[in-house]
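We name chains A, B, ... by the order of the sequence lines, and we start the count at 1 in each one.
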Amino acid sequence: MKVLIAVEDDADMRLLIRLQLRSAADLELISEVATADAAVEAAREHQPELVILDHFIEGQVMGLQAAPMIKEAAPGAKILLFTDHELSVEAAREPAIHTYLPKQRLSELLDVVQAMLAS
Amino acid sequence: MATAEVAAAAEDGFQPDPSRVAQLRLLSIACSFSVLLLGVAVLVGWRLDVPELRSISPGLPTMKANAAAAFVLLALAISLAGESRMPRLTAVLGFAVATIGLATSFEYLFNVDLGIDELVFSDPVSPAEGVPGRMGPNAAASFVALGLAIPLVRTRLWRWSRVLAVFVLFVALGALLGYLFGVSSLYRISALSSMAAPTAIGFLLASIAVLLLRPENLPLLSTTGAGAVTWRRVVPVAGVSIIVFARLGLAGVEAQHYDPALGISLIALSTVALVSALVWVVARSLERIDRQRLSAVEQLRALNADLELRIEMRTAELVTSEERYRSLADTASDAIISADESGQIFYANDAAHALLRHEPGTLAGQPLTVLIPERFHDAHLAGFKAYLEGRPPTVIGRVVELFARRADGTEVPIELSLGAWRGPESQNFTAILRDISARKDVEAAEHKRAEQDALVATGVQVISLAPDLPSAIHAFAESVAPAVGAERVSLALHDSGDVFRIAGSGGPAGWRMGVGETIEVKGASTWSRFRAGLPVVVEDTAETSDEPVNRILLQRGIRSYVSVPIVAGGEVTALLSFSSSRPGMINVDELPLLLSLVRQSTGALNTLMLLDLEREATERLRQLDELKNDFVGMVAHELRSPMTVIGGFAERLRLDDEKMTHEERSQILERIIANIGRLTDLVSDVLEVARIESGAFAYEIAPFDLGRLAERTCEEMTVGQPTRRCEVNVSATNPIGLGDEARYWRVLTNLISNAFKFSPPDRPVVVEVADSGEMLTVAVTDHGGGISDEEKPRLFQKFSRITQHGPGPKAPGTGLGLYICRQLVENQGGRLSVESSLGEGSTFKFTVPKASPTS
């Protein structure tokens with residue numbers, strides 16, 4: 001059973017992530033948070049294998065800036081930056097971020113998560 | 001014959017003739033030599049006892065040894081006197097001779113024997129002749145006379161020597177005639193004393209020698225005058241002839257050829273004939289001389305007359321020319337001044353007095369230097385001296401431009417032509433002076449105009465070449481400001497009302513008045529002048545600080561300035577100002593130049609201003625375009641988010657339908673509908689923004705009751721929402737606003753709905769309508785988490801998101817609501833603002849114009 005955390009402030013998007021991940025039996029979405037602080041806290045607590053991280057989240061700290069903090073709290077976690085902002089270049093430059101996926105490609109989310117966990 | 005020669009000929013006869021003088025001197029020497037020989041011969045006769053040498057014939061009186069010795073001394077004295085050397089020896093010899101004569105005379109007078117008579121030789125031969133060896137008294141007197149005469153010849157008493165010599169001459173001549181005619185009484189003074197014949201000859205020769213020592217003192221002998229010639233021709237011939245005739249006549253009587261009466265008659269007759277003939281000859285010769293002289297005098301007179309005539313004519317000419325010159329000079333319009341070689345003015349015409357501001361007639365007699373500025377004195381004196389010393393002239397004969405000094409000390413530029421001419425007594429100079437101050441003024445004015453033209457051209461050029469207004473003004477200031485005495489130049493564009501905005505400035509000191517700064521041109525007179533297109537000149541802002549704008553400028557260190565309005569289309573579009581930190585640096589004199597500068601530069605400046613405006617407009621368009629692009633990007637982004645959500649839910653329904661519960665399915669559908677509603681809101685807001693920004697948004701302005709509107713909206717917002725509470729509080733007594741009620745409803749709805757979003761359900765949203773004087777104010781207060789100070793400025797921007805502090809859901813708005821509200825309020829003359837502090841909620845306030853401003 002692989003443990004995941006979703007950092008997303010939009011309720012609709014949280015629901016959509018939950019619905020997609022539900023179809024994979026070996027994945028458990030253990031926590032859904034809306035701020036960077038909560039994400040770091042959850043990561044430390046659950047030591048997840050993967051974090052789905054939105055960029056535009058509640059609070060002063062955005063996802064891109066929260067990534068190294070999460071990675072520090074849970075060194076074993078792979079971080080997927082999942083956002084509707086065009087941040088591919090910034091994501092590639094941030095070592096804490098494993099993969100970048102724009103939200104338009106929501107339907108590919110499960111495949112991307114499983115590929116990340118397999119690598 | 002020239003005048004001088006005639007005059008010389010006329011004078012000639014009265015001057016001693018040098019050759020004659022020489023001959024007479026020679027004769028004197030010959031006589032004295034003869035006297036010497038005679039004396040020596042007689043002494044030899046005495047020594048050797050030769051009677052013939054002592055007297056001419058035996059029986060006649062003998063020359064005594066003393067006399068002979070005296071003659072030798074006499075001859076030596078005469079010789080020495082003739083040479084005019086050794087005057088003392090000459091005097092001693094003379095006095096020795098005189099002493100001999102004097103001693104002998106003494107013996108005769110007092111009948112004593114001094115023992116001098118036979119001092120040398122005893123006299124055995126002439127006892128009959130008186131005391132042996134003693135010369136006769138006439139001889140003694142003659143020696144005294146001649147002995148004294150010789151020393152006198154070269155003294156002031158020379159006339160006495162002549163008298164003495166003539167006396168001796170006649171004594172000797174008388175004695176000789178006595179011997180010739182056998183009349184002993186002529187040579188014998190008494191029976192015992194007589195003059196011997198040789199003695200008489202000796203005295204004759206000696207007296208002649210003494211007389212001829214100074215022949216120039218005997219005009220009858222030495223000159224060629226008529227009297228002298230006559231004397232010389234008549235006297236010797238007549239004297240000798242009469243003596244000869246008388247002797248011949250006497251001889252005839254003695255030979256008894258005729259009786260004495262006939263003899264005397266014959267002598268008288270022949271004498272008369274001879275003298276007549278002589279006088280006739282002499283008279284003729286005199287007449288000839290006289291005629292010559294007369295003709296010479298005539299010639300002389302004629303020459304004189306001619307000379308006088310010529311002098312008269314020349315004088316007349318001179319007078320005429322002088323008068324002509326004077327009259328010309330006096331009335332000449334140019335100043336004419338004449339000075340002599342001492343540098344003193346002797347003539348100056350009226351124009352000269354007028355030009356140099358001296359009282360008429362006062363210049364003559366003054367030195368030239370009064371007319372020359374002090375600093376040129378040395379050069380003038382040096383040049384003057386150099387010219388008089390014969391060096392080539394530097395100013396004379398040329399026309400030079402100089403400065404002259406006036407009586408009042410001021411200077412006047414003049415054109416000077418100087419001439420030199422030889423006057424009767426001195427080298428003179430005449431100067432013609434022309435006042436060229438008018439020409440100089442014109443030249444200076446032309447020069448100044450040319451300079452100003454160049455300046456204006458430079459100013460226009462630097463403006464034309466500049467890429468924009470600030471650099472144009474900066475370059476303009478650098479090239480033009482120093483020439484007009486300004487340190488700073490600035491261009492202020494008319495903003496609105498009496499406010500001007502600095503568009504460019506500069507000066508040599510690098511001073512730049514902040515570009516973009518605004519200056520209020522307050523002050524009635526300043527502004528009204530500008531509006532009339534007139535320049536304003538302020539020579540000292542410190543003295544005119546009652547004018548507000550001058551006070552502002554004084555605070556910025558500007559003491560004097562000239563501001564020229566640039567007018568286009570009847571409006572003041574800009575002010576071009578020249579200023580200085582010193583008072584009075586810019587004055588009214590510079591105004592024409594400045595006006596010309598501004599006038600000429602206006603075209604180029606206007607072009608730059610238009611260019612600036614165009615650039616500004618372009619920039620604004622670019623910014624608008626950027627904003628639009630940003631807006632499009634933002635809208636696309638805002639649209640994408642709900643679309644992704646809708647797409648995601650739809651896909652879940654398709655793929656996972658069988659796994660879903662009924663509740664899940666209806667929740668998903670509800671979310672799809674909500675997101676479609678969000679999209680709809682967004683699209684309508686975007687359209688509204690586009691309409692507002694394009695300006696094609698119509699407001700239906702009418703009075704409406706703002707209190708009622710607030711109450712109605714509150715009711716609408718809470719209908720069917722039991723958890724929401726809205727309180728309306730109208731404190732304004734007459735809350736009638738003027739505007740589009742529907743738009744204000746939109747604003748109120750937005751603000752109240754925002755307030756509900758952020759307020760906890762248990763706290764009511766309060767809407768207050770108050771009278772704030774000129775306007776009505778509506779305040780919507782929530783009790784949410786408040787808004788941080790950093791977020792406030794972004795609050796009214798498009799797509800700004802209010803971060804919700806404290807508990808509650810995230811605001812789902814479009815991000816355009818507050819932007820639209822502000823546009824709607826401000827476009828109707830009001831203002832929308834927010835007051836908030838974190839943790840204490842927020843109050844959004846907007847103002848609405850009153851329907852009746854008086855209330």
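Residue B:Leu655 does not touch chain A at all, counting heavy-atom pairs closer than 4.5 Å. Contact annotation for A:Glu86: neither backbone nor side-chain heavy atoms come within less than 4.5 Å of a heavy atom of chain B.
For A:Glu28 (side chain) and A:Ile30 (main-chain N/O), no donor-acceptor pair under 3.5 Å exists by modelled atom type.
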Contacts table for residues 10-19 of chain A: side-chain donor-acceptor under 3.5 angstrom, sequence neighbours left out:
{"residue": "A:Asp10", "atom": "OD1", "partner": "A:Asp12", "partner atom": "N", "Å": "3.1"}
{"residue": "A:Asp10", "atom": "OD1", "partner": "A:Met13", "partner atom": "N", "Å": "3.0"}
{"residue": "A:Asp12", "atom": "OD1", "partner": "B:Arg671", "partner atom": "NE", "Å": "2.3"}
{"residue": "A:Asp12", "atom": "OD1", "partner": "B:Arg671", "partner atom": "NH2", "Å": "3.1"}
{"residue": "A:Asp12", "atom": "OD2", "partner": "B:Arg671", "partner atom": "NH2", "Å": "3.1"}
{"residue": "A:Asp12", "atom": "OD2", "partner": "B:Asn675", "partner atom": "ND2", "Å": "2.6"}
{"residue": "A:Arg14", "atom": "NH1", "partner": "A:Glu8", "partner atom": "O", "Å": "2.7"}
{"residue": "A:Arg18", "atom": "NH1", "partner": "A:Glu32", "partner atom": "OE1", "Å": "2.8"}
{"residue": "A:Arg18", "atom": "NH1", "partner": "A:Glu32", "partner atom": "OE2", "Å": "3.0"}

Would B:Glu693 and B:Tyr819 satisfy side chain to side chain donor-acceptor pair (under 3.5 Å), going step by step from the backbone distance to the final call? CA-CA 11 Å; B:Glu693 287 187 343; B:Tyr819 173 78; 2.4 Å; yes

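Most heavy-atom pairs under 4.5 Å with chain A, from the set B:Pro642, B:Ala674, B:Gly648: that is B:Gly648.
Residues satisfying the salt bridge (Lys or Arg N to Asp or Glu O under 4.0 Å) test with B:Arg831, not counting sequence neighbours, are none.
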